[in-house]
Protein chains: 2
Amino acid sequence: MPSVNQHLIARRLGISQSTVAGALANQPRFRLETRKRVLAEASRLGYRPHRFAQVMRQGRSGFIGMIQCAGHMQLSAQRSQLVAREVHGNGYQLLSSDAFWFGDEEKTACEVMIDACVEGVVLVSPTFSFDALRQAGIPVVALSGSRQPGAPQVRANIRQGMHDLTRHVIGLGRRRLALLTQWPLGPRDEAACYYVSERIEGFLEASRESGLGEGQAEVCIEDYSDPESNTYQVGKISMRKILERKRQPDAVLCSNDEWATGALAACKEAGVRVPEDIALTGFDNLLASGYGAVPLTTVAQPIEPMAKKAVEILLGQIRNGEGASPRKVIKMPCEVIVRHSCGSPRQEPDPITDPTRRMRS
Amino acid sequence: MPSVNQHLIARRLGISQSTVAGALANQPRFRLETRKRVLAEASRLGYRPHRFAQVMRQGRSGFIGMIQCAGHMQLSAQRSQLVAREVHGNGYQLLSSDAFWFGDEEKTACEVMIDACVEGVVLVSPTFSFDALRQAGIPVVALSGSRQPGAPQVRANIRQGMHDLTRHVIGLGRRRLALLTQWPLGPRDEAACYYVSERIEGFLEASRESGLGEGQAEVCIEDYSDPESNTYQVGKISMRKILERKRQPDAVLCSNDEWATGALAACKEAGVRVPEDIALTGFDNLLASGYGAVPLTTVAQPIEPMAKKAVEILLGQIRNGEGASPRKVIKMPCEVIVRHSCGSPRQEPDPITDPTRRMRS
DNA sequence: CTGTTAGCGCGTTCAG
DNA sequence: CTGAACGCGCTAACAG
């Protein structure tokens, strides 16, 4: 397709194609002058080697694939951007696609990758199993998302993040905590859904450590299965249910920032003040979270080091031929981002002297 | 690279490679039985044609490229998702990249596309000029973003959207309007920056139509050039400046939803109520905008028809060999989404009987 | 109806 | 030091 090829350069210089090939590869066996002439003519004509021909000849494509699930979510988008930078930094081209682009989800995405002869694939927040890739002998690494059979995974230490966040909230004097979370729609095996189960574990662990008793640390598992409604909406509806109760928590820990944003809206609607009446937290530290009506206290994942590590592992697999890390899981530490949605430290609220509780009828 | 090729199938069936090729292509000149046998053996061995070899032979790659600028922004991400679906629906593979992935911005992105022999490129919200593609003879279409020399563009009718929104706000009784907008950092020619100038025009036009006089429709052009700060932050800071004034507007129209969200936070900080004291609007109708503390009145672009149209035009260019639409601009209508941030219709506020003005000292 | 042959652009080997 | 020749996997024109 590129109209200017080695043959053309050769003809214009009155030499043979293979000489051009050798000169372009800077093989020392050619006279320096010849090499210079070839290079000059090549750049003058705007020569670019035909990648596809190179691939056919060399066997390796120089492509690394990236498949995201739900790249429209901000966190996923941030991750993929960092992966891309890392891939390019290592001299590869990136072929990216989104599983949601296709009707039949993961199947087509895998075929695209296989067809393009990618040397490896980074799965960004996968929600399906992409076993077809491994069966085709392509090295794979998962960056967050669900666990992939036989592939290493780099992910955040959700448990530690939730643990630290819970302790922070308790440290501010809150005593009736609720964790708002949701099982994913797909299969619920523990390994795949670590991001749910670790949130719960970290939450309960921190509560126990702080001496919170029965009913002081409640886990609310929402089973909201309408795939049409967006994440904010789910958070809003879930929070409404909590606000309808007789006895309300004084802190609600949401499983992500979108939920928390929706929950905030529900509070506002109901006349419940944040953080005075109820403390609210998110997870993931989205860009918007610091700039809403109530800046969110949340947990940040180390997305940059995570992306770096994932690509590093993949390249290791490609080079060492699968010899690197077989079924390893690398957990990287989260950090609590303190903003305004939990307020300042406060005493155990005295139900008699404290007039701030429950403004709604 | 794919270890199973036509040659292998041929050997196993005791026929020649070219027969296999013909049978796989379903050429009617072969016996039905032969074709069936070949197809069966092919699928049994998991044969997939080597795309790169096909490309070399046929000249066409079956790839369509997509370059986004700032794919981490939600609107851009939504657009690219729709483009992807459209591209696949037309039997092409999508090769996508983000100009921000590379250090040197557009240059590498173009090279990637050229190297991959894409047959055309959709530019999603481009902020640079991607002339290198056109120079390489690759058909291009821009979806929103800045105008590309010699390439058709599909974009929203920003002017009409802003016009309708302004009329809506005025219709609710607001009389001191401010439009908050910003010139992009790059070159400021009108054609490229229509999304700024059309906002201004639509705003002023609607104001004039409604009989608003001097000082009742103000355009505030922020020149905030710190590339580090995010969009929400810019909106917040810009709004703060307005709130510091002696005489404040009673409606602030922000140039996008992120700005409006940041502006909302600034109001909250300053004790200014939305919509009671100040009406606030956004633009783009992001997912979050309906679920914040104050659901945003905003303008929705018809992103789905836009994506469809852009791909349709590109395919036309590819097929008809540049003959389709040379330097056409297709504008598609926007729709005002009414939520809560402008409140209900109200009388001209009476400064004496109305106690709601300006709570801050 | 089937097989032989040529060549897409590149990199490598082997003669000269 | 240089060029001729080959083959990666595939398609298409042509010969049997």
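Chain naming here is simple, since letters A, B, ... match the order of the sequence lines and numbering starts at 1 in each. Given the structure is predicted, the values throughout are model-derived calculations rather than measurements.
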Euclidean distance, atom [atom1] of residue [X] to atom [atom2] of [N] [Å, nearest integer]:
| X | N | atom1 | atom2 | answer |
| --- | --- | --- | --- | --- |
| B:Arg37 | C:dC1 | CZ | P | 15 Å |
| A:His50 | D:dC10 | NE2 | C1' | 13 Å |
| B:Asn5 | D:dT11 | CG | C1' | 14 Å |
| B:Arg11 | C:dG3 | CZ | P | 15 Å |
| B:Arg48 | D:dC10 | CZ | P | 12 Å |
| A:Gln6 | C:dT12 | CD | P | 11 Å |
| A:Arg51 | D:dG9 | CZ | P | 18 Å |
| A:Gln27 | D:dC1 | CD | P | 13 Å |

message: Could you check whether any side-chain N or O of B:Glu119 sits under 3.5 Å from a backbone N or O of B:Gly62, counting only pairs where one atom can act as donor and the other as acceptor?
response: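 Answer holds: yes.
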
Inset, instruction - Return yes if some donor-acceptor pair links the side-chain N/O of A:Gln153 with the main-chain N/O of A:Lys328 below 3.5 Å, else return no. - result: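 Here the side-chain-to-backbone pair does not exist.
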
- [ ] Answer yes or no: side-chain N or O of A:Ser18 and base N or O of D:dA4 forming a donor-acceptor pair under 3.5 Å.
- [x]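 Answer yes: a donor N or O sits under 3.5 Å from an acceptor.
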
[X] side chain, from C-beta outward: closest of [options]:
| X | options | answer |
| --- | --- | --- |
| A:Gln58 | C:dG9, C:dG11, D:dC10 | C:dG11 |
| B:Arg57 | D:dT2, D:dG9, C:dG11 | D:dG9 |
| A:Arg29 | C:dT12, D:dT2, C:dC10 | D:dT2 |

**Asked** How are the rings of B:Phe52 and A:Phe52 set to each other: parallel, tilted or perpendicular (split at 30° and 60°)?
**Response**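 Plane angle under 30°, so parallel.
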
Open item on the list: Go nucleotide by nucleotide along DNA chain C from the 5' end; which of A:Phe52 and B:Ile15 gets its closest nucleotide reached first?
Closed with: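 Of the two residues, B:Ile15 wins.
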
### Query
Toward the 5' end of DNA chain C, which comes first, B:Thr19 or B:Met56, by nearest nucleotide?
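That would be B:Thr19.
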
Q.
At less than 4.0 Å, is any side-chain N or O atom of A:Thr34 found next to OP1 or OP2 of D:dC1? Yes or no.
A.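 It does not, given that no N or O in the side chain of A:Thr34 lies less than 4.0 Å from OP1 or OP2 of D:dC1.
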
Exercise for review: Could you tell me whether the phosphate oxygens of D:dT11, OP1 or OP2, come under 4.0 Å of any side-chain nitrogen or oxygen in B:Gln54?
Suggested key: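 It does, given that an N or O in the side chain of B:Gln54 lies less than 4.0 Å from OP1 or OP2 of D:dT11.
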
Ion pair present between B:Lys309 and B:Glu312, side-chain N to carboxylate O less than 4.0 angstrom?
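The answer is yes: the pair qualifies as a salt bridge.
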
Worksheet entry | Sidechain N-carboxylate O distance under 4.0 Å for B:Glu33, B:Lys36 |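 No.
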
